[in-house]
Amino acid sequence: MRAAACALALVVGAGACGSFEDPTIIIDLRPVAVVVEPPEQVVDVDPANPLAVTLSDVRVCAVVAEPQRRPLAWTMMVCPPQRDLRCTDLALPFEVLEVEPRPGAGDQVGQEACATIPDGPRLGAIVRATIEHDSVGGFGGVDINLLVRAVPIGAGEDEAVYAGKGVRFSARVPAERVANTNPVMTEVAAQLDRGSGFIEPIVLPSGGCRSPDIGLVVPEQAVVKLAPRALEGSAETYVVPTFEGGSRTFTENLRYQWLATAGSWSRAETGGPRDAAGNPPVLSSEWSPPTLRADEQSRLVDVWVIQRDERGGVSWLDTCFIVVPPGRR
């Protein structure tokens with residue numbers, strides 16, 4: 001809405017707009033990431049009976065940031081893909097999932113919930129409807145739509161946030177095709193610079209700001225360099241069919257998104273493909289803490305690192321920074 005207003009102001013000469021909020025800094029209710037396991041199912045199809053395929057359950061987990069720490073109510077549904085990434089066309093097959101919020105998360109910023117998409121007639125109907133509406137009849141695979149909705153308990157629709165996620169189903173064409181798996185981030189290493197250079201890296205604890213005593217202590221004038229470490233083999237080599245009846249082989253590249261509830265990042269996203277000269281991409285990003293208010297002795301800052309491949313695979317790691325005055329360690 002604000003972007004549209006600024007564009008209109010420029011067109012009609014109504015004046016300049018102020019600076020935009022930093023998208024890497026989460027200041028209000030926002031979806032952070034959605035992971036499905038497995039992210040893709042590759043099935044064997046009998047040409048004589050193409051509808052007789054065997055699917056498996058899919059596990060879904062989502063994280064939503066709520067800086068006000070209000071407990072959330074969740075809804076999850078699956079349906080054929082729709083333009084708004086929601087499941088509003090109830091003439092199409094759909095299924096409402098049974099959501100399992102993570103116990104004890106209601107008083108934290110990062111709140112998580114999981115659900116299972118069960119194998120059965122409803123999932124089969126959703127996949128078939130998706131193939132029927134696909135412009136190439138499912139060639140190369142189709143994505144059904146997973147809808148995630150979160151809203152503070154007792155709040156209205158105007159405060160709800162939504163996320164959409166594709167869940168892929170593909171035929172085993174060519175024969176050597178295998179399903180995508182989610183990448184794995186083994187850890188995130190951190191180096192602290194208090195003004196005299198970066199110190200030796202340490203491994204950040206995972207789990208977000210669940211306790212005021214667990215997290216990396218960062219003086220407010222310091223800088224933290226963060227570098228993710230992926231499990232070997234997370235960047236997979238994969239094969240896809242071509243319309244000419246052949247196949248092509250690719251190797252995934254991994255990308256990283258950096259989010260926090262305060263401070264600033266040197267890079268919003270890192271990773272990706274090599275550049276034109278063949279140089280590997282930069283993986284790290286540097287975080288600078290916010291300035292503490294006069295009445296603050298410290299501030300907890302939730303941090304998320306989101307890892308993605310280009311085929312819908314996702315993982316995340318959450319951690320916590322404790323910002324303190326410059327002389328405190």
Side-chain angles (χ1 to χ4, degrees), residues 3 20-37 39-40 60-67 85 108-113 143 146 148 150 161-168 180-191 201 203-209 215-216 218 223-231 234-236 251-275 280-290 301-321:
F20 291 98
E21 295 168 352
D22 185 345
T24 67
I25 304 303
I26 298 175
I27 61 175
D28 50 20
L29 187 67
R30 190 202 298 188
V32 174
V34 181
V35 175
V36 295
E37 180 61 45
E40 180 183 23
V60 176
C61 288
V63 57
V64 170
E66 165 50 333
L85 299 180
Q108 297 170 10
V109 173
Q111 299 187 38
E112 301 173 21
D143 293 328
L146 165 68
V148 177
V161 294
Y162 290 81
K165 170 71 176 174
V167 185
R168 174 149 288 229
N180 185 29
T181 61
N182 285 314
V184 177
M185 188 164 29
T186 57
E187 62 189 28
V188 174
Q191 291 178 279
V203 175
L204 291 176
S206 60
C209 295
L216 178 67
V218 182
V223 175
V224 185
K225 178 187 287 185
L226 302 178
R229 295 176 181 172
L231 181 69
S234 284
E236 301 172 286
T251 298
E252 293 176 336
N253 58 75
L254 301 179
R255 300 173 184 268
Y256 298 89
Q257 180 184 10
W258 304 89
L259 300 170
T261 52
S264 63
W265 294 98
S266 63
R267 297 181 179 92
E269 295 185 350
T270 60
R274 292 176 178 267
D275 64 18
V282 174
L283 299 181
S284 64
S285 185
E286 295 180 8
W287 180 80
S288 299
V301 177
D302 284 84
V303 177
W304 293 268
V305 187
I306 317 300
Q307 180 187 50
R308 294 184 174 92
D309 63 35
E310 68 265 36
R311 296 194 290 159
V314 181
S315 67
W316 80 72
L317 185 145
D318 55 347
T319 191
C320 182
F321 292 159

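Just the heavy atoms: all of them, side chains too, but no hydrogens, waters or symmetry mates, feed the values below. What you see is a predicted model, and the numbers here were worked out from it, not measured in a lab.
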Worksheet, complete the sentence: Between W265 and the options W304, W258, Y256, the ring-ring contact (aromatic ring centres under 6.0 Å, His included) test singles out W258
Worksheet item: What heavy-atom pair brings G263 and I25 nearest, and what distance separates the two atoms?
Response: O-CD1, 3.2 Å
Worksheet entry | Spacing of CG belonging to D28 relative to OG1 belonging to T261, to within rounding of 0.5 Å | 12.0 Å
Item to complete: Starting at CG of N182, measure out to CZ of R308 and round the result to the nearest 0.5 Å.
Response: 11.5 Å
Worksheet entry | 4.5 Å side-chain heavy-atom contact, V161 and R30 | no
Worksheet item: Got a second to check how far L259's CG is from D318's CG, nearest 0.5 Å?
Response: 11.5 Å
Discussion item. To check you understand the geometry: which heavy-atom pair defines the closest contact between V64 and A150, and what is its length?
Written reply: CG2-CB, 4.1 Å
Fill in: Heavy-atom side-chain proximity of L254 to S234 below 4.5 angstrom
yes
Worksheet, complete the sentence: Between A260 and W287, the two heavy atoms sitting closest are CB-NE1, 3.8 Å
Worksheet, complete the sentence: CG of D143 to CZ of R311, rounded to nearest 0.5 Å, is 12.0 Å
Worksheet entry | With P67, the side chain to side chain contact (heavy atoms under 4.5 Å, CB included) member among I26, D302, I27 | I26
Discussion item. Just to verify, which of S284, S285, S288 counts as forming a side chain to side chain contact (heavy atoms under 4.5 Å, CB included) with S266?
Written reply: S285
Discussion item. Using a strict threshold of under 4.0 Å (side-chain N to carboxylate O), is an ion pair present between E269 and R255?
Written reply: no
Fill in: Side-chain heavy-atom pair K165, V60 within 4.5 angstrom cut-off
no
Practice prompt. For residues M185 and S315, report the shortest heavy-atom separation together with the two atoms involved.
Written response: N-OG, 3.9 Å
Discussion item. A side-chain contact here means heavy atoms from C-beta on lying under 4.5 Å apart; do T319 and V188 qualify?
Written reply: no
Worksheet entry | Spacing of CG belonging to L283 relative to CZ belonging to R229, to within rounding of 0.5 Å | 11.5 Å
